[in-house]
Student: 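Got a structure for you, written out below as structure tokens; questions coming shortly.
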Amino acid sequence: MLIQEIIRRKRDGQTLDRQMLDLMMRGIADNSIGDAQIGAFAMAIYLNGMAHDEAVALTESIRDSGQVMRWDGLDRAAPVLDKHSTGGVGDLTSLVLGPWIAACGGHVPMVSGRGLGHTGGTLDKLESIPGYDVAPADDSFRRLVSDVGIAIIGQTGSLAPADKRLYGVRDVTATVESIPLIVASILGKKLACGLGTLVMDVKVGSGAFMPTPAASRELADAIAAIGCGAGTRTSVLLTDMNQPLADCAGNALEVSEALRLLRGEGQDSRLYPVTKALAVEMLLQSGMAHDADDAQRRLDHALDSGEALERFSRMVHGLGGPHDLAQRAEHYLTAAPVVIDLEADRSGVIQTIDTRQLGLGVVELGGGRRNPGDAIDHRVGLSRIAEIGRKVAPGQPLLRIHAASRSDAEAVTRRLRAAFTLGDAPVESPPLIHATVSPNPRAPMSRDVLSHDLTSHQEDLS
Ligand code: URA
């Protein structure tokens, strides 16, 4: 079939089948289809949407456009599972969750990304650790997943190669904001890692990828239904990004915070309950725990016994980092030379935080990229970020800036201060978990799973 006939079909509102989508994705991956046809294809989907089966087929075609990992040699009782987030600020859950699940007996082949826009990236955080190699040889990655239970690495060229080109064209043809394209892009890459279970963390709020709570919810429903349709048990937690999840944002600062949690400290943070809720869902959906109480007990034991921290240390060392990072973190995680507090200029209660602006502040300090290949400064970022509902007096800090120079710190103060809205009324912190969308843990996965087959516990999506 001619590629232009596939595009015509989609342009005219008809559905595409797996064969047509495979032809398209293969041609995108091997460069036999040009950017003009990719752009037209993406726009036809953007304008007409996709039926459920069609979106499942697109996800599978992207997944199968390159290598799909197989884990046949692993212990059958130890499931292969992962978590993925739509990205946020101060969201370091992956650094804690991966080793925590490994300590409970799971295998977590975590292929992560770099910072995108205002959001931080797990790979950039891990590269704060001297020697950490995010692109190890395939057999080292497999060995670590098999022996330690966790390895966090970067996207390889052989995993879902169609997505890389398709995403690049979408980015410059105003076709990023399409639910079926977003879902197929996210899940195509994740499912190529050979997962039995995936828990997605879709963020809601001022620092979220999706612009409104309703759009986050629509994405969550689509991810759960399409992931299950493609044969991977997929749940979604909608979690809050109306303020940074941790009270810090920035690469080395977030690795320090992850170590603190893995040591069993920081349980009064917002980060801890969200990470634990994601972990509970992973244990339940993968069948590693019978019920939520069982999952909590296993997770508490993995943390209290030091096993989760041990798995993190073994992963870091196995990927070229120091063997004693956990014991000598201050030695390895370089601090920024300039640290200054940003003080409130009036009294009041913090009503809202524009989380996106805080993330952009980190980028401006050098902790993220303005252009794709830019080097980043792992030392810089924000800490002690005051939370919504906190009462501040003039001169009291809203946050602490970690910068390469005093002038860099001064350059971001206006943006950071403007991110906080102060008022007189008392305010409650937004809920941490807005809703959960899960398949029935015992139901078989099939293409026919639709949103209405999924259980939804909605707390609040305002
Ligand atoms: N992240 C992805 O990987 N793909 C998208 O389309 C959007 C966000």
Side-chain angles (χ1 to χ4, degrees), residues 21 24-25 28-29 35 38-39 41-47 49-50 54-66 82-89 91 93-94 109-124 134 152-193 195 198-205 207-212 215-227 230 232 234 236 238-239 241 356 359 368-369 372:
L21 289 162
M24 199 75 209
M25 292 308 120
I28 293 177
D35 286 357
I38 301 175
F41 170 75
M43 186 58 84
I45 295 174
Y46 177 90
L47 293 173
M50 280 188 135
E54 194 184 15
V56 171
L58 176 63
T59 302
E60 292 172 337
S61 291
I62 291 181
R63 177 193 67 194
D64 298 343
S65 66
D82 197 3
K83 183 263 351 177
H84 187 67
S85 150
T86 53
V89 178
D91 175 15
T93 51
S94 292
M110 193 180 278
V111 175
S112 291
R114 300 199 174 276
L116 197 62
H118 67 283
T119 65
T122 301
L123 289 191
D124 295 332
V134 298
I152 309 179
I153 63 160
Q155 181 75 25
T156 71
S158 56
L159 282 180
D163 178 66
K164 189 163 189 219
R165 262 195 93 207
L166 179 54
Y167 189 85
V169 173
R170 285 168 57 210
D171 203 19
V172 294
T173 54
T175 50
V176 168
E177 302 92 337
S178 149
I179 295 272
L181 288 174
I182 293 170
V183 176
S185 167
I186 293 175
L187 291 183
K189 289 189 287 267
K190 277 326 255 186
L191 303 193
C193 298
L195 308 177
L198 174 67
V199 173
M200 276 292 305
D201 178 1
V202 172
K203 302 292 185 188
V204 180
F209 168 68
M210 298 304 274
T212 61
S216 292
R217 176 68 203 218
E218 194 186 346
L219 180 64
D221 287 342
I223 287 175
I226 294 169
T232 293
T234 307
V236 183
L238 284 133
T239 71
M241 195 37 69
R356 185 166 179 275
R369 293 178 189 79

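All ligand and atom numbering here is 1-based and tracks the order in the structure.
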Student: List the atom of Ala160, the atom of Lys189, and the distance in Å for their closest heavy-atom pair.
Tutor: CB-CA, 3.9 Å
Student: Mind checking what residues have non-hydrogen atoms under 4.0 angstrom from ligand 1?
Tutor: Tyr167, Arg170, Ile182, Ser185, Ile186, Lys189, Phe209
Student: If we ignore hydrogens and angles and just use 3.5 Å, is the side chain of Ser85 paired with the main-chain N or O of Gly87 as donor and acceptor?
Tutor: yes
Student: In chain order, what residues pass the side-chain contact (heavy atoms from CB on, under 4.5 Å) check against Arg356, with sequence neighbours excluded?
Tutor: His118, Asp354, Leu360
Student: Just checking, is any N or O donor in the side chain of Lys203 or Ser216 under 3.5 Å from an acceptor N or O on the other one?
Tutor: no
Student: Step by step, would you call Asp82 with Cys193 a side-chain contact (heavy atoms from CB on, under 4.5 Å)?
Tutor: CA-CA 9 Å; Asp82 197 3; Cys193 298; 5.8 Å; no
Student: Can you see whether Thr234 engages Thr232 through a side-chain donor-acceptor pair at a distance of less than 3.5 angstrom?
Tutor: no
